[in-house]
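These numbers come from the heavy atoms of this one structure, side chains and all, not from hydrogens, waters or symmetry mates.
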Amino acid sequence: MQMRKTNDGDEISALGYGAMRLPLKTGRVDKKRAKEQIYYAIDNGVNFIDTAYLYGSSETFLGEILQDGYREKVKLCTKMPVMHIKKYEDMEKYLDIQLKNLQTEYVDYYLLHGISKSGFDNLKELGALEFLEDAKKEGKIKHIGFSFHDNGNVFKEVADAYNWDMCLIQYNYLDEHNQAGTEGLKYAASKGIDVFIMEPLKGGILGGKVPEEVTSIWNKSKVKRSPADWALRWVLDHPEVVCVLSGINDEEYIKENISVTNEALPNTLTEDEFMLYNEVKEVYENLMKIDCTGCGYCMPCPMGVDIPRCFNFYNHKFMFKQGLESSILYLGQLGGIMSGGDSHHAGLCTNCGKCIVACPQKLNIPILLNDVNKELGGKYKMKIAKTFLPVLMKLMP
C-alpha cells in the first residue's frame, strides 16, 4: 500500500476506509460481510478508518470488530456530532459515548463534523477549541481536525482560527472549484494542515455505470482504466493529499481501490490525460441536474421522503437518457408499489425546510423535490403505474 506522511511523521495509507456506507442486509449493516471487507482492507495495507457518531451504528460496529490486534493496526477517526452540541458538557458526554462505542481509550483523529460558518462560530462560543485541547491533553484524542462543507472563504477563515492537525474536505474532478476546492487544498497544505479527502467519486456518480459519452472519452486513452480508477487517480495525483477516503462496500471495488492506490503516485498524470478529464467534466456538467452526493445528511425526512434516492432517480434519467426505466423504478420503489405500500416519493414533501439546513451542498431540497415529483411522479403517473406496472416492467431494457 502506498503510504503518505503527515506533518508530524505518521505514515498513513493513501487509501482510507470510509465507514459511512457499510453493506446492508434487510436494512441493517451486514455485519459478516462488512467485517470481512474491513479486515481485507486492513490486511492489504489500509491503516485509516473514518466514521462518525451520526453514521448510524458504524461506531458501535467498528468497536465490535476492531479486536484481536486490529485496533492497533489502524488510525481511527471519528467526529463530534456538532448538531447535538448545546453546551460544553455535551462535548464531554458525546466523546465519552463515542469512546465507549468504539471500545477504545482514544481516537487518533477527532473532527468537528461538517463545519460551516454559523456552526463553527457557535462551537467557538461554546468553547469547542478549548475542549479539544483538554481532550488531547487527557489522551482521549491524538489529533484535532474538522470536516468541512461551506465555501472557500469560510474554509480559509476556519483554517486560520486554530492550529489544526488535519482537515477533511470534499474533493474530486467535478468539485475542483466547489466548497474548499483546489484553492482550499493548497491553502491548508501551506499552513501545515494535513489534507484528507472525502467523496472522491462524488457519492459513486464518477464510478460504476457512467454515461455513454463519458465512456467514449475514457476510451480515447491508450491506457484503459475504469471510471472509478480515473476518479481516484485524479485526487491522488495531488501531492497535498495525505489520504483519500473511499466509502467502499463491495468486494471488487475494494480490490480495485487498493490496486489503483498502490500505483497512483502524485504528479504522474499527463497533459493528455488532464484534457480527457476536462472533456468528461463538461459532459457531467451538462447532464447532471442535481449536485447531490448521496451523503444522507438530509435524512431522515419527517415525512418519510428518501431524498438521496429521489435525486438519484432524477439524475439517472438525464444522465443515461432512460426516462421510462427511471420513472418505472422510481414509482415502483419509492411510490410503495414494490414495497408493500411503504412510500418515500418526492410528492410527500411538505416544505418544512429541515433538509435545507442539514445539506452540505446547500441545495434547496424542497424545490428540487418538486421538480422530481413533476418529472417522475405525480398522482396521475402513480395511478397508472399501480395499474400497469407488470406491463411496464416488461418494457424495461
Side-chain angles (χ1 to χ4, degrees), residues 1-20 42 45-55 58-59 62-63 66 70-82 85 91-92 94-115 119-120 123-124 127-149 155 158-171 180 184-185 187-198 239-246:
M1 169 60 63
Q2 178 190 166
M3 308 300 285
R4 299 190 178 188
K5 278 193 175 183
T6 63
N7 286 299
D8 67 357
D10 273 355
E11 288 200 336
I12 304 292
S13 56
L15 177 68
Y17 202 107
M20 182 173 77
I42 296 173
V46 173
N47 74 349
F48 191 91
I49 296 181
D50 172 78
T51 184
Y53 181 85
L54 299 177
Y55 294 171
S58 178
E59 284 185 340
L62 290 173
L66 292 179
Y70 275 92
R71 170 66 183 95
E72 289 70 33
K73 293 180 180 181
V74 299
K75 303 294 184 182
L76 195 54
C77 173
T78 193
K79 310 176 189 76
M80 179 191 294
V82 296
I85 304 302
M91 304 180 214
E92 298 174 326
Y94 280 105
L95 177 55
D96 288 342
I97 289 172
Q98 291 175 278
L99 292 173
K100 184 177 180 180
N101 288 344
L102 292 163
Q103 297 187 38
T104 185
E105 294 181 356
Y106 66 93
V107 289
D108 299 279
Y109 291 81
Y110 195 62
L111 317 184
L112 300 180
H113 195 170
I115 288 302
F120 185 60
L123 286 168
K124 284 194 297 183
L129 298 179
E130 291 78 9
F131 165 77
L132 293 172
E133 286 279 5
D134 290 343
K136 191 173 184 179
K137 290 176 183 177
E138 293 172 11
K140 292 182 177 181
I141 59 179
K142 302 296 184 183
H143 300 87
I144 296 170
F146 64 97
S147 66
F148 182 81
H149 291 294
F155 179 80
V158 174
D160 290 341
Y162 181 73
N163 187 27
W164 305 100
D165 296 310
M166 63 90 78
C167 65
L168 176 60
I169 64 171
Q170 177 174 314
Y171 196 56
L185 171 80
Y187 187 76
S190 72
K191 292 180 65 67
I193 302 172
D194 293 316
V195 183
F196 289 61
I197 303 299
M198 57 179 154
E240 300 88 355
V241 171
V242 172
C243 178
V244 178
L245 302 180
S246 186

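Of the possible donor and acceptor atoms, one in the side chain of S13 sits under 3.5 Å from a partner among the backbone N and O of N47. Using a distance-only test at 3.5 Å, with no hydrogens or angles considered, no donor-acceptor pair links the side chain of W164 to the main chain of A188.
Below 30°, between 30° and 60°, or above 60°: for Y53 and Y94 the angle between ring planes is above 60°, a perpendicular geometry. Taking the six-membered ring where the residue is Trp, F48 and F196 present tilted rings, their angle falling between 30° and 60°. Using cut-offs of 30° and 60° for the angle between ring planes, the F155 and F146 rings count as tilted.
Considering every non-hydrogen atom in both A14 and R4, the closest pair reads CB-NE, 4.0 Å. The minimum heavy-atom distance between S147 and M198, with the atom names listed, is CB-CE, 4.4 Å. Closest non-hydrogen pair, A159 versus K191, comes out as O-CE, 3.4 Å.
Between the side chains of H143 and D8, at least one donor-acceptor pair of N or O atoms lies under 3.5 Å.
Taking SG from C167 and CG from D194, the interatomic distance works out to 8.5 Å, rounded to the nearest 0.5 Å. In this structure, CD on Q98 lies 12.0 Å from OG1 on T104, to the nearest 0.5 angstrom. Summarising the geometry, atom CG belonging to D96 is positioned 11.0 Å from atom CG belonging to N101; distances are rounded to the nearest 0.5 Å. Atoms CE and CG, on M166 and D108 in that order, are 10.5 Å from each other to the nearest 0.5 Å. For the atom pair CZ of F131 and OH of Y110, the computed distance is 5.5 Å after rounding to the nearest 0.5 Å. Between the CD1 atom of I49 and the OG1 atom of T51 there is a distance of 9.0 Å, given to the nearest 0.5 Å.
A salt bridge links K136 and D165; the closest N-O separation between the charged side-chain nitrogens and carboxylate oxygens is under 4.0 Å. Between D134 and K140 no salt bridge is recorded (no basic side-chain N to carboxylate O distance below 4.0 Å).
Counting heavy atoms from C-beta on, the side chains of I197 and I169 come closer than 4.5 Å. Using a 4.5 Å heavy-atom threshold, the side chains of L168 and D50 count as touching. In this structure, L132 and M91 have side chains that are not in contact, with every pair of non-hydrogen atoms separated by 4.5 Å or more. With a 4.5 Å cut-off on side-chain heavy atoms, I12 and Y109 count as touching. Between T78 and L62 there is no side-chain heavy-atom pair separated by less than 4.5 Å. The closest side-chain heavy-atom distance from L54 to K79 is not below 4.5 Å. Residues M80 and L95 form no side-chain contact, since every pair of their non-hydrogen atoms from C-beta on lies 4.5 Å or further apart. Using a 4.5 Å heavy-atom threshold, the side chains of L102 and L66 count as separate.
When the shell of 6.0 Å around NZ of K100 is examined, it contains 12 or fewer heavy atoms from other residues, nucleotides or ligands. In K73, the NZ atom is crowded: over 12 heavy atoms of neighbouring residues, nucleotides or ligands sit closer than 6.0 Å. Crowding of D160 atom CG: a count of heavy atoms from other residues, nucleotides or ligands under 6.0 Å exceeding 12.
Because its NZ or CZ atom is both nearer than 6.0 Å to the ring centre of Y106 and within 45° of the ring axis, K142 counts as a cation-pi partner of that residue.
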_Audit row: R71, L76, side chain to side chain contact (heavy atoms under 4.5 Å, CB included) steps and yes/no_ = CA-CA 8 Å; R71 170 66 183 95; L76 195 54; 3.9 Å; yes
_Pair I141-V107, side chain to side chain contact (heavy atoms under 4.5 Å, CB included): steps then yes or no_ = CA-CA 5 Å; I141 59 179; V107 289; 3.4 Å; yes
